[in-house]
Each structure stands twice: as C-alpha cells, then as structure tokens.
Amino acid sequence: MSLFTDAATDDGARPPRRTRPGWIILGVALVAIIVLGAMPAPYVIDLPGPVYNTLGTAEHDGEQVPLISIPDEKTYETEGSLDLLTVSQKGNREQQPGWFEVATSWFDPTRAVLPIDAVFPEDVSDDQIQQQSQAAMVDSQQDAIAAALVELGYDFPREVTVAGITEKSPAEGVLEEGDIITALNGAEVHDTQALRDAVADNGTDKPATVDYERDGVAASAEITPIDADGTALIGVGVRMNYEFPFDVDIQLDNVGGPSAGQMFALGIIDKLTPGLLNGGENVAGTGTIDSAGTIGAIGGIRQKLYGAKDAGADWFLAPASNCTEVVGHVPDGLTVFSVKTLDDSMTVLDTIANGGDTSALPSCSSAS
C-alpha cells in the first residue's frame, strides 16, 4: 500500500486557491473612491462658528476684556446672554475641501456647501476679502452704537456721507465723494434708511431735490432717480459719520462682516439701562442694523441657528428678511422670533423678561 495519497482523490482535498477577479475590482474601486474623495473640490463649507456673549468678555491681545465697555457712563449689572453668532468657513482657493467632505456636508443640516466662486471671486484676493469684512465689522459697530443711542433718546450729529459714485448714474458729475447729503425734497436725512425711503417716495418720473454740503458750503441739485430692478436709485454709495456723546468700546478680534449689528445694539442698551433687558435669559440673534434701527438680512442663518442652540440659547432673534431660510430648519428647543426693527427686538425681550405670551409675537412662520 502506498504511503502517499493522491490529492485529487482525497475526500478532504481542496481545489488550488485562485485569485478572485471580483475582489480585485472592488479593491480598485475603493482605492479610486478614496483618492477621488480626497481630491480638492471647488466648494467652500459653512459651519457654525464661535459664539460671543455681548454682555460678557472676549479675548483681546491675549487678555479677557469686556466685549462692550462704556467707561464714561453709568452702566448696570447684566445676566444671562445676548449672543452674537458667527459662521466658520472651511476652504479657500489655496486649500479646498475634499469631495468626500463636501458630499457628507450636503447631508449635514448644520453645514452649507457653496461654490468657491461665490465666496472667493477670482478677481478678488483673500486679503481684499478680509479687509472688506473687517471694514464691514467696524461700520456695523458704529451703526450699532448709533442705533442703541437713538433708541435711548440721545441726540447727536449723524451725517450721510457720499462714499462713492456709480459710473453713468444720475449722480455722476453732480455729487462727489465726501459730500454730506442733508435733505431730499426738503425732508432731512439723518441715516441711510431715510435716504433710501426718500428716493423711493420720489420715484423715477421726476427729479429729486438733493441738499448737500461740500467742504462746509451748502448746495442743492436736481437728480432724477433711475429704476434698478424695481428700486429707485440716484447712484451713490453712502456711509454714516457720527459724533457720539460718549465713548462705547467694542472689542472683538478675528470676526468680520456686518451681521452682529443687532446684538451689539442690544448689548449696549442692556448695559446702559437698569434691570435685565433679557430677564436673565439666554438669547441669541443676528442681523445687520442701521442708525434708524432697521434690522437687515445676513448670510449663514441656518448655521447660526445651530450655533445658538449648541451655546445654550433658548430664544433667537432672526431678521424677518431671512425667514424663508429659517422655516423648517429650527433646532428643537429653540424659539425663533421674526424682527424687522430694534423696537421689535426690544418688544420680544420685554415679553421674555416679564414672562409674557411669546406665542403672540411674530415668528418666521407667521411673518409676512
């Protein structure tokens, strides 16, 4: 009898191991997905950014300092929070996120995916974008101080100054950069909203009388507004100049844009008035503001809603003009109010502070 068994006839024998093409194809596909997923995508990802309590402190030059300080006026104790919100961006032209992260962000309600050209235009450098953002922040702080002081009844000089002239516009060759617009059709102009309203009231079928000062000399001109997508315009960019009755210092580093205006104004009012404007509650909000107290739309409100909730806010003040983006995207446990003016926000806070019926206040689902 042979001592060796033929493998082909042995009951426990197995066929020779063979390479399975399916596993190779799957492995190649996985590698391709990983490689493609890591490749840069022409998008930017918005996500909730840091949250700052305007009643609290912020880091400045390595130290914690009051975010809002009013050194020469009597101020009052505050409690709770009036949070301003930010949006962080992941990606720029030099460091774009990968396709895999972009794909997963599309399904994350706390994030937004934007085309890179919409955020970083090719003809504008990152430095220029940063400078514009910082300039908008400085302007928003000045407008917020003005709005707060107007709300509190202070009287101080407010000037609407021409910052630029649009080419081939009705104002070209008539007004100049640096002119101070004092009135339109006899109605005094003390803020940008008043100027917009006066131009709209005049319409485009007749000239408007524009009173202005140039180098301290008063003058007047007839300018006929034009229609631009349904809006009457004379073709000037303007900025506000103020002479405040006392100093209000706002310290907030590495944050740009105009969207904190509303919360700056409310923080200033709370510090300058006795009692607790927010009733000691945790309130967050966003929105631009002008010296007349008009609250305007901002970007990234969905990310700010989630940032507010994560920071512990129970209440949220949203610009009415952002309401279409809010509906259906409110985190559980956060109550959102629709506000158009600083007076609206003050009404909301007064209702919260006094335990009133907040359900009767305008919300984004009920705002027109």
Side-chain angles (χ1 to χ4, degrees), residues 132-152 154-166 169-172 174-204 208-214 219-221 223-244 248 250 256-266 268 286-299 319-322 339-345:
Q132 292 169 1
S133 180
Q134 289 299 320
M137 169 58 80
V138 171
D139 288 344
S140 76
Q141 292 176 356
Q142 295 298 296
D143 290 340
I145 297 169
L149 298 188
V150 169
E151 180 71 22
L152 294 174
Y154 289 93
D155 187 23
F156 55 94
R158 293 176 281 158
E159 296 177 345
V160 180
T161 304
V162 176
I165 308 290
T166 304
S169 72
E172 186 176 28
V174 181
L175 297 177
E176 296 180 1
E177 186 172 344
D179 288 349
I180 299 170
I181 299 176
T182 57
L184 195 140
N185 290 337
E188 292 187 357
V189 172
H190 293 296
D191 54 69
T192 55
Q193 186 61 48
L195 177 60
R196 286 192 292 266
D197 291 345
V199 173
D201 289 343
N202 183 87
T204 58
T209 301
V210 181
D211 296 331
Y212 62 96
E213 292 181 6
R214 181 179 298 164
S220 181
I223 301 177
T224 302
I226 58 171
D227 181 273
D229 298 326
T231 302
L233 301 174
I234 61 175
V236 296
V238 295
R239 67 174 183 272
M240 293 299 303
N241 289 325
Y242 307 107
E243 293 182 25
F244 297 127
V248 178
I250 300 176
S259 66
Q262 174 182 197
M263 302 314 292
F264 284 143
L266 291 173
I268 293 166
T286 187
T288 65
I289 201 164
D290 64 17
S291 61
T294 305
I295 295 171
I298 52 83
S321 44
N322 279 119
V339 294
K340 296 180 180 179
T341 67
L342 192 57
D343 282 342
D344 291 344
S345 300

(request) Search all heavy atoms of I268 against all heavy atoms of A148 and return the closest pair with its distance. (result) CG2-CB, 3.7 Å
(message) Is there a side-chain contact between F264 and M137 in this structure, where contact means two heavy atoms from C-beta onward sitting under 4.5 Å apart?
(response) yes
(message) I need the N202 CG to T209 OG1 distance, nearest 0.5 Å.
(response) 8.0 Å
(request) Only counting residues at least two apart or in another chain, list the ones meeting side-chain hydrogen bond (donor to acceptor under 3.5 Å, both in side chains) with R158. (result) none
(message) Nearest 0.5 Å, please: how far is OH in Y212 from OG1 in T182?
(response) 10.0 Å
(request) Please report the C-alpha distance between D344 and I295 in whole Å, then the side-chain angles of each, then the deciding distance to 0.1 Å, and finally whether the side chain to side chain contact (heavy atoms under 4.5 Å, CB included) criterion is met. (result) CA-CA 9 Å; D344 291 344; I295 295 171; 5.9 Å; no
(request) Taking all heavy atoms of A320 and all of K340, pick out the closest pair and write down the distance. (result) CB-CG, 3.5 Å
(request) Check whether any side-chain heavy atom of L266 lies under 4.5 Å from a side-chain heavy atom of M263, and answer yes or no. (result) yes
(message) Main chain of G293, side chain of T341: is a donor-acceptor contact present, judged purely on distance under 3.5 Å?
(response) no
(request) Spell out, as yes or no, whether a donor-acceptor pair under 3.5 Å connects the side chain of T288 to the backbone of P258. (result) no
(message) I need the minimum non-hydrogen distance between T286 and I298, along with the two atoms involved.
(response) OG1-CG1, 3.5 Å
(request) List the atom of Q141, the atom of I250, and the distance in Å for their closest heavy-atom pair. (result) NE2-CG2, 3.6 Å
Distance-only criterion, 3.5 Å: show the donor-acceptor pairs between side-chain atoms of residues 224-244 and protein atoms not counting sequence neighbours.
| residue | atom | partner | partner atom | Å |
| --- | --- | --- | --- | --- |
| D227 | OD1 | G230 | N | 3.2 |
| N241 | ND2 | T161 | OG1 | 2.9 |
| Y242 | OH | D143 | OD1 | 2.6 |

(message) Rounded to the nearest 0.5 Å, what separates atom CG in D211 from atom CG in L184?
(response) 8.0 Å
(request) Output yes when a side-chain donor or acceptor of E177 lies under 3.5 Å from a complementary backbone atom of G164, and no otherwise. (result) no
(message) Please find the pair of heavy atoms, one from A147 and one from D290, that lie closest to each other, and give the distance.
(response) CB-O, 3.4 Å
(request) Heavy atoms only: give me the nearest P170-I223 pair and the separation to one decimal. (result) CB-CG2, 3.5 Å
(message) As an exercise, state the distance from CG of D343 to CD of E151, rounded to the nearest 0.5 Å.
(response) 4.5 Å
(message) Are the side chains of S140 and I289 in contact, using a 4.5 Å heavy-atom criterion?
(response) no
